[in-house]
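Here the structure is a predicted model, which is why all the values come from computation and not from measurement.
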Amino acid sequence: MPSHNNGSEDPGPWGSKQNPATGDIDALFRQGSAQFGGMFPGGPPSIRNMAFAVAAVLLILAAWSSYFTVPSDSVAVMQRFGKYTSEVPPGLHFKLPFGIDAATIVPVKRQLKQEFGFTTPGASDPYQSPTDGRRETEMVTGDLNAALVEWVLQYRISDPVKYLFEVREPSATLRYVSESVMREVVGDRTVDEVITVGRQEIESEALLKMQALSTKYAMGISIDQVQLKNINPPGPVQSSFNEVNQAQQEKESLINEARREYNKVIPLAEGEKDQRIREADGYRLKRVNEAEGDAARFTSLFAEYKKAPEVTQRRIYIETMQAVLPAIRSKIIVDETTGSILPMLNLDKQQEARP
């Protein structure tokens with residue numbers, strides 16, 4: 001006869017035995033339902049209430065993610081499912097929620113900068129400060145000397161679409177472009193030009209080349225200014241370089257002093273030379289004019305003399321006496337019959353007149 005098992009296993013509704021694992025799951029489900037219902041005073045919520053709660057949460061999230069604000073110095077680049085759609089000006093705007101529309105804020109009116117060789121404290125842009133400032137500043141000049149060059153690059157974002165989508169990591173690419181151009185420009189000049197007189201030319205040439213490369217790579221960036229900061233020789237040769245600079249400064253100082261003395265003495269000598277030349281020319285003209293006047297006077301006098309010799313001779317004699325006699329202090333006039341002039345001289349009066 002068939003034997004029946006009187007153990008813990010109960011037959012199913014069709015006379016089959018029930019799986020013990022299924023019973024355990026049912027028990028756990030009933031226990032969880034009881035605990036969840038205990039959290040609510042009026043019993044567990046219905047499925048309808050739970051759907052309303054979920055819908056309210058989704059509505060709040062949709063409202064929260066559907067509006068955004070663009071600052072006054074920026075624009076927003078809109079993407080729908082990752083595809084570019086439009087640019088949005090500053091102000092309050094709305095978009096499709098749940099990541100359907102994405103807005104990327106781009107500061108197109110703000111002047112940005114990148115520093116090479118030094119770091120400004122508090123910089124928020126990770127690409128503004130160098131990662132290895134020592135390596136960036138070490139350069140070789142055209143005369144095979146080493147120099148540590150520090151500079152600042154100031155730029156603006158001119159095309160937000162190109163800035164975001166044309167070039168991967170445009171700020172990092174701009175750092176590489178700037179470093180490459182600066183090494184090229186510095187490598188074409190001597191160390192003296194780089195440190196002293198060639199700074200402005202280096203800035204202008206580097207600016208033009210960086211602008212050309214930025215346009216060629218379609219980076220959407222407009223470079224405004226390249227400004228050199230500190231330019232120093234490497235540390236091991238710093239003392240020797242300072243001595244050379246001091247010697248050059250002394251040389252320039254002596255040259256300037258010599259030029260000052262030259263400018264002081266030479267123009268004075270040239271002025272005196274010109275003055276004497278003019279005096280000589282004036283004296284020459286005076287003598288020539290006087291000689292020509294005397295010759296003309298003598299010629300005219302001789303012509304009159306030939307017309308009336310006696311009258312002219314007498315007039316010349318009288319004019320000569322008029323010029324000579326006033327210069328004589330004492331005068332004695334004698335005639336032809338006077339034998340001697342001694343009786344007429346007052347010797348006592350002449351002795352008293354002597355000093």
Side-chain angles (χ1 to χ4, degrees), residues 141-143 145 188-205 228 231 240-355:
T141 60
D143 54 355
N145 286 311
D188 292 337
R189 288 167 172 78
T190 64
V191 66
D192 293 334
E193 292 176 343
V194 173
I195 295 178
T196 56
V197 297
R199 295 172 64 97
Q200 187 174 3
E201 295 180 359
I202 292 175
E203 293 174 350
S204 301
E205 184 176 353
L228 292 176
I231 302 178
S240 300
F241 188 82
N242 291 337
E243 292 178 358
V244 172
N245 284 338
Q246 184 177 1
Q248 290 179 349
Q249 292 176 0
E250 292 178 356
K251 170 187 172 184
E252 294 294 332
S253 177
L254 293 176
I255 291 175
N256 292 333
E257 291 180 1
R259 287 177 178 174
R260 184 171 62 252
E261 292 297 327
Y262 174 86
N263 294 330
K264 180 180 178 181
V265 174
I266 297 301
L268 180 61
E270 290 180 351
E272 294 178 354
K273 178 193 72 174
D274 295 338
Q275 181 181 359
R276 294 190 178 184
I277 290 175
R278 287 192 296 269
E279 291 178 354
D281 290 338
Y283 181 75
R284 177 180 62 83
L285 293 175
K286 178 183 176 182
R287 295 294 296 173
V288 170
N289 293 333
E290 289 179 354
E292 291 178 352
D294 293 341
R297 178 175 175 273
F298 179 79
T299 303
S300 61
L301 185 61
F302 180 70
E304 296 297 330
Y305 177 77
K306 289 194 298 181
K307 294 179 181 178
E310 296 181 358
V311 176
T312 303
Q313 184 177 6
R314 184 173 183 83
R315 183 172 62 81
I316 293 174
Y317 174 78
I318 294 173
E319 291 178 355
T320 304
M321 291 287 96
Q322 288 177 350
V324 172
L325 291 179
I328 301 175
R329 298 177 60 184
S330 59
K331 307 175 186 62
I332 299 174
I333 300 174
V334 296
D335 55 7
E336 296 177 355
T337 60
T338 304
S340 176
I341 62 173
L342 290 177
M344 300 180 183
L345 292 177
N346 190 357
L347 299 178
D348 295 335
K349 185 175 181 181
Q350 290 181 357
Q351 290 178 358
E352 293 178 358
R354 292 179 181 178

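S204 places no side-chain N or O within donor-acceptor distance of the main-chain N or O of E201, the cut-off being under 3.5 Å. Not a single donor-acceptor pair under 3.5 Å links the side chain of S253 to the backbone N or O of Q249.
Side-chain contact of T141 with D143: a donor-acceptor pair under 3.5 Å is present, judged by distance alone.
Ion pairing between a basic and an acidic side chain is recognised when a charged N comes within 4.0 Å of a carboxylate O; R199 and E203 show no such pairing.
Put simply, OG1 on T196 and CD on E193 are 7.5 Å apart, with the number rounded to the nearest 0.5 Å. Note: N256 CG to K251 NZ = 11.5 Å, rounded to the nearest 0.5 Å. Between the CG atom in N289 and the CZ atom in R284 there is a gap of 9.5 Å [rounded to 0.5 Å].
More than 12 heavy atoms of other shown residues, nucleotides or ligands fall within 6.0 angstrom of atom CD in E290. Within a 6.0 Å radius of CD in E257, other residues, nucleotides and ligands contribute more than 12 heavy atoms.
Checking each of I231, D188, V194 against I202 for a side-chain contact (heavy atoms from CB on, under 4.5 Å) leaves exactly one that passes, namely V194.
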Worked check of side-chain contact (heavy atoms from CB on, under 4.5 Å) between E205 and R189: CA-CA 12 Å; E205 184 176 353; R189 288 167 172 78; 2.8 Å; yes
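Side-chain contact between Q200 and L228 is absent, with no heavy atoms from C-beta onward closer than 4.5 Å.
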List the atom pairs, with distances to 0.1 Å, where a side-chain N or O of residues 258-283 and a protein N or O form a donor-acceptor pair under 3.5 Å, not counting sequence neighbours.
from, atom 1, to, atom 2, distance (Å)
N263, ND2, R259, O, 3.0
Q275, NE2, E279, OE2, 3.4

